[in-house]
2 protein chains.
Amino acid sequence: MQTPKVTARAHTNIALVKYWGKKDEQLIIPQNGSLSLTLDHFYTDTTVCLDDNATQDTFILNGIKMDPTKVTKFMDLIRQQANVSTPAIIESVNHVPTMAGLASSASAYAALALAGSKAYRLELSPKDLSRLARRGSGSACRSIYGGFVEWKKGYDDASSYAVPFIENPTWDIKMIAIVVNGAQKKVASRAGMQTVVNTSPYYPAWIKQAELDLENIKQAILAKDFTKMGQIAESSAMRMHALNLSATPHFNYIEAQSLVAITQVEELRAHGIECYYTMDAGPNVKVICQGKDLQAILAKLKQHFADEQLLVSAAGPGAKIITS
Amino acid sequence: MQTPKVTARAHTNIALVKYWGKKDEQLIIPQNGSLSLTLDHFYTDTTVCLDDNATQDTFILNGIKMDPTKVTKFMDLIRQQANVSTPAIIESVNHVPTMAGLASSASAYAALALAGSKAYRLELSPKDLSRLARRGSGSACRSIYGGFVEWKKGYDDASSYAVPFIENPTWDIKMIAIVVNGAQKKVASRAGMQTVVNTSPYYPAWIKQAELDLENIKQAILAKDFTKMGQIAESSAMRMHALNLSATPHFNYIEAQSLVAITQVEELRAHGIECYYTMDAGPNVKVICQGKDLQAILAKLKQHFADEQLLVSAAGPGAKIITS
């Protein structure tokens, strides 16, 4: 007997106060709390159905059959809780432009946590869904919720999960992802942050500063103080990239084209158009702005980047079941 | 009566363990010790003669008469010690390619300290010359000596000065200054380091790490361990630039063309040709290598930079009187 298919959709998120470094590699407990904005433009749809006749999971990503090892490891967490050993067929489609190089693991594991737990008839609370998603990819725990989301670092598996901060912001915040054609070989975020935790002399100060940034950005968001929010987000990103430069061996996600994007943002700001940048474990630059300034900012960016390199998002919703 | 002219020559130096941040802005006492290599290729010749009939100093730089205010402030330190109030004519020629944008303040103030003190008939010990040069520009205290030079940070005017570490290295070390055509507006080093000291959460860790780096690079140089020396130098530079990213407001001397240069060095290293990079308060990249690898490195760099952008130096001598 094949159980019905369950399909879930989860959106990606971009951290404004960055998560960078694990306290527990296995359970993915972070060294510091973080805060993100879930985006409407990029999401993953994942369908899970149990497969009684199979001896192992089947994993299809964007229509292509993949090695299921990593997904099986995650599904085992669900099967353990459900006390069921039946394998599953997992079909996942990433609605993120392929060239974007935007982290899809956050939306992927959030969607998989929701679809997978439903398929195995677990009724998880949002909190437990967030904890589960975290085990796949740390930042996935935040994609369970929409809008502004806080990941409370906690100290163990039970206490480390995301909570909604402002799930439906009335603020007209936009984010422009500038897709940079990066040349440099990428250091995977998991490896990069591990190197940083183990070797950067600046890491203890990062942890303390991140906690301060988290408190301050929450106040700024509550007060709808866009300037303060943007400044903290930009500082948090640059301090994270500073950690990478200070590690042994040092590494750098900021590429030549990233600097071009950053310069445009700084020039816009110098001309009174408020916008701020953030960067993650890759060369792309994300620009935070208000809807009223979007067109002016895009016009400037189009002098240096092609239309298809500029992807605009607004705040997006939390993970949800779209068919079952 | 005009006294005879005294001309001194001093060479610039590039720090391998960086000086970044003052404990005392007025006296230029650094927060951490540093270590540099004096270069043979870039130097300043400065001639000083007393001018009995004048009421103020005359300052001629590269043949052009300049506002003497800053130089007068420095000359007053000399006149105070000499107990003479006579103004002077100061003629200075920077033998640094104009486009290089390489810091000339180190060679300039070292040459001025030597020529100026001699012209006023002070017989300063090398230590006191170094202390004097420091008052003009911190890193100038190291240009009193040749080869590898350590700046002992000290804690006051009397205790902060450079000492020779290995004045005549038998090692065939070369440094290639890659002159980058920078677009970004420069943050002056004095302002940049002040912002860092006042705002970077990473600064206390920088001070501790710099002291470790200083001890370790001295061991590496004594052991002629080029790999260890290069790695420490590169790490120290990147940690200094990480400080700038972590400051409020953050700033960045690393430009797109700097990243091109850095990538070339990393590729050379990946192909077994040892070389390391360092950067100061500007976009130029300096490559440290051994003489045996110089041609191979230049051949690779010439794929991306014009001949006149690649300036090769070896270890240079300390400051000296060349005519008097």
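Quick caveat, the model's predicted, so the values are computed rather than measured. Labels below follow one simple rule: chain letters A, B, ... track the order of the sequence lines, proteins then strands, and each chain is numbered from 1.
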Angle class for the B:Phe148/B:Trp171 ring planes (parallel below 30°, perpendicular above 60°, tilted otherwise)? tilted

Heavy-atom pairs under 4.5 Å with chain A, option from B:Glu234, B:Lys208, B:Met240 with the top count: B:Glu234

Which residue, B:His271, B:Glu267, B:Gln295, forms the side chain to side chain donor-acceptor pair (under 3.5 Å) with B:Lys300? B:Glu267

Can a donor-acceptor pair be found between the side chains of A:Ser189 and A:Trp20 at a distance below 3.5 Å? no

Scored by heavy-atom pairs under 4.5 Å with chain B, the best of A:Met238, A:Arg239, A:Gln209 is A:Arg239

For B:Lys286, is there an ion pair with B:Asp280 - N to carboxylate O distance below 4.0 angstrom? yes

Taking every non-hydrogen pair under 4.5 Å, which of B:Val260, B:Leu243, B:Asn244, B:Leu212 racks up the most with chain A? B:Leu243

